[in-house]
There are 2 protein chains.
Amino acid sequence: MVKYKKEDRQKLLKLYIERDPFLTDEALAERLNVSIQTIRLDRQVLKIPEHRVRIKRVAEEVDEIKSIMLEDVIGEIVNVKLNESGTSVFNVEEAHVFNNNTLTRGHFLFAQANSLCVAMINVPLALTKSANIEFRKPVHLGDRVVAHAKVVQTIGKIATIRVESFVEDILVFVGEFEMYFKNEGESK
Amino acid sequence: MVKYKKEDRQKLLKLYIERDPFLTDEALAERLNVSIQTIRLDRQVLKIPEHRVRIKRVAEEVDEIKSIMLEDVIGEIVNVKLNESGTSVFNVEEAHVFNNNTLTRGHFLFAQANSLCVAMINVPLALTKSANIEFRKPVHLGDRVVAHAKVVQTIGKIATIRVESFVEDILVFVGEFEMYFKNEGESK
DNA sequence: CCCCATTTAGTAGTTGGTACTAATTTAGTA
DNA sequence: TACTAAATTAGTACCAACTACTAAATGGGG
């Protein structure tokens, strides 16, 4: 049954809605022990949109996040000579960096290189058997990472591919991938 | 100005809504060249919920995807002796597998191992310098991957950590990670 | 031509609001 | 303490995008 001061209440309101945009004015009014009208006024001065709009915005994020995160391929593969060489471009966005700074999480650099290797193999399904990688320099939010891959060897069902990734001519990542050609129906 | 047969229209309706859940009955009515009432009847027999509900469901998905994908740590770290050993458990969900089958994308296994290594180092910021990894067996949707890590060596600012990941006693992944202790303010 | 399925129209009620005015309560101060 | 201004609450009309219902119109096959 606590009554907050206007200022505190508005801060709390903002916080609550940030944490849970699904809260309606009614629920917020109960939680903050004021009338619905007060909540509406508060939202107005704080420029917080109504429930429907908030939900819609969250929902629209799906497309972005899905397209960024659920893609099979990390980075855009721009230039592939099958079983020979290839290039992939990857722009580091919010979703790829650590929450508390602008450093790119290493597994996206790995994923870019790995995706590129998979794309270069001209069989229905290629699996990564092993990799030997090195992170040379940190990569940051907004960086444009260009990965170049070259097949260095193919023995039987295994291809060895060397990948070098650059941010503006600076080598940030190198890796050597062994790719395994998986045949149809095989479970390995 | 095409008029569809009932059956065709209902199939189209389903398709449209799947592709874009943001479509209102009004928009659908226009697109299918029937009245709003017909759309409502169709939705009713097809058990497709109303606009608001659809949006809300999509929005709720965001939270799931976000929590799965935007975490800094892949897998739950359950048991860490700093600078010594650690264990992480990672359940393979929809978001982690290739779109056209149930195979786990390799970079999540890498990410799990890598996250675990970072967590084991008792400094504000640890960076992966290099890694030597092997994918031994494919991992599938629903699998529970348990990664065990052990520090095998620490020389100066570099620790070497060995990671072995299992799905029900089957070794699916091994890796050796070189972690670099980054000091405050250093940019490397 | 009739009949039944299909489609459309129309009404009342719901949720979660906007936008507005007006009344009431609370707090600060002379 | 009385007055005033700020803050809060109440109340009204309106909106989108529905549900749930009834009723009327249309259309096609036998």
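Basis for what follows: all heavy atoms, side chains included, without hydrogens, waters or symmetry-related copies. Values in this document were obtained by computation on a predicted structure and should not be read as measured data. In what follows, chains carry the letters A, B, and so on, assigned in the order in which the sequence lines appear, proteins first and then strands, with residues in each chain numbered from 1.
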[X] [atom1] to [N] [atom2]: how many Å, rounded?
X: B/R40; N: C/dT7; atom1: CZ; atom2: C1'; result: 14 Å
X: A/E50; N: C/dG17; atom1: CD; atom2: C1'; result: 5 Å
X: A/H51; N: C/dT18; atom1: NE2; atom2: P; result: 12 Å
X: A/L13; N: D/dT8; atom1: CG; atom2: P; result: 12 Å
X: B/L28; N: D/dC18; atom1: CG; atom2: P; result: 9 Å
X: A/K3; N: D/dA6; atom1: NZ; atom2: P; result: 20 Å
X: A/K6; N: D/dA5; atom1: NZ; atom2: C1'; result: 12 Å
X: A/I39; N: C/dG16; atom1: CD1; atom2: C1'; result: 14 Å

By nearest nucleotide on DNA chain C, pick out whichever of B/R52 and B/V34 is the more 5' one. B/V34
Qualifying side chain to side chain donor-acceptor pair (under 3.5 Å) pairs with a residue from residues 143-152 of chain A, counting only residues at least two apart or across chains: A/T87-A/H148
Under 4.0 angstrom between B/S35 side-chain N/O and C/dT7 OP1 or OP2: no
Phosphate-side-chain proximity, A/T38 and D/dT9, N/O vs OP1/OP2 below 4.0 Å: yes
Side-chain donor-acceptor pair under 3.5 Å between [X] and [Y], yes or no?
X: A/E178; Y: A/S130; answer: yes
X: B/H140; Y: B/T102; answer: yes
X: B/E176; Y: B/N132; answer: no

Which part of the nucleic acid, if any, lies within contact of [X], taking any heavy atom under 4.0 Å across all strands shown: a base, the sugar-phosphate backbone alone, or nothing?
X: B/Q37; answer: base
X: A/R9; answer: sugar-phosphate
X: A/V53; answer: nothing
X: A/R43; answer: sugar-phosphate
X: A/L41; answer: base

Just compare D/dT19, D/dA20, C/dG17 and give me whichever is closest to any side-chain atom of B/Q44. D/dA20
Among C/dG16, D/dT19, C/dT8, which nucleotide sits nearest the side chain of A/E26? C/dG16
What stems involve DNA chain C, if each pair must be Watson-Crick or G-U and both of its distances must be under 3.5 Å, with 3 or more such pairs in a row? C:1-30 with D:1-30
For the backbone of B/N33 and the side chain of B/K3, can you confirm whether one donor and one acceptor N or O come within less than 3.5 Å of each other? yes
Is a side-chain N or O of A/T38 found less than 3.5 angstrom from the main chain of A/V34, in a donor-acceptor match? no
Partner set under ring-ring contact (aromatic ring centres under 6.0 Å, His included) for A/F177, not counting sequence neighbours: A/F110
Return the minimal non-hydrogen interatomic distance between A/A119 and A/L82, and the atom names on each side. O-CD2, 3.8 Å
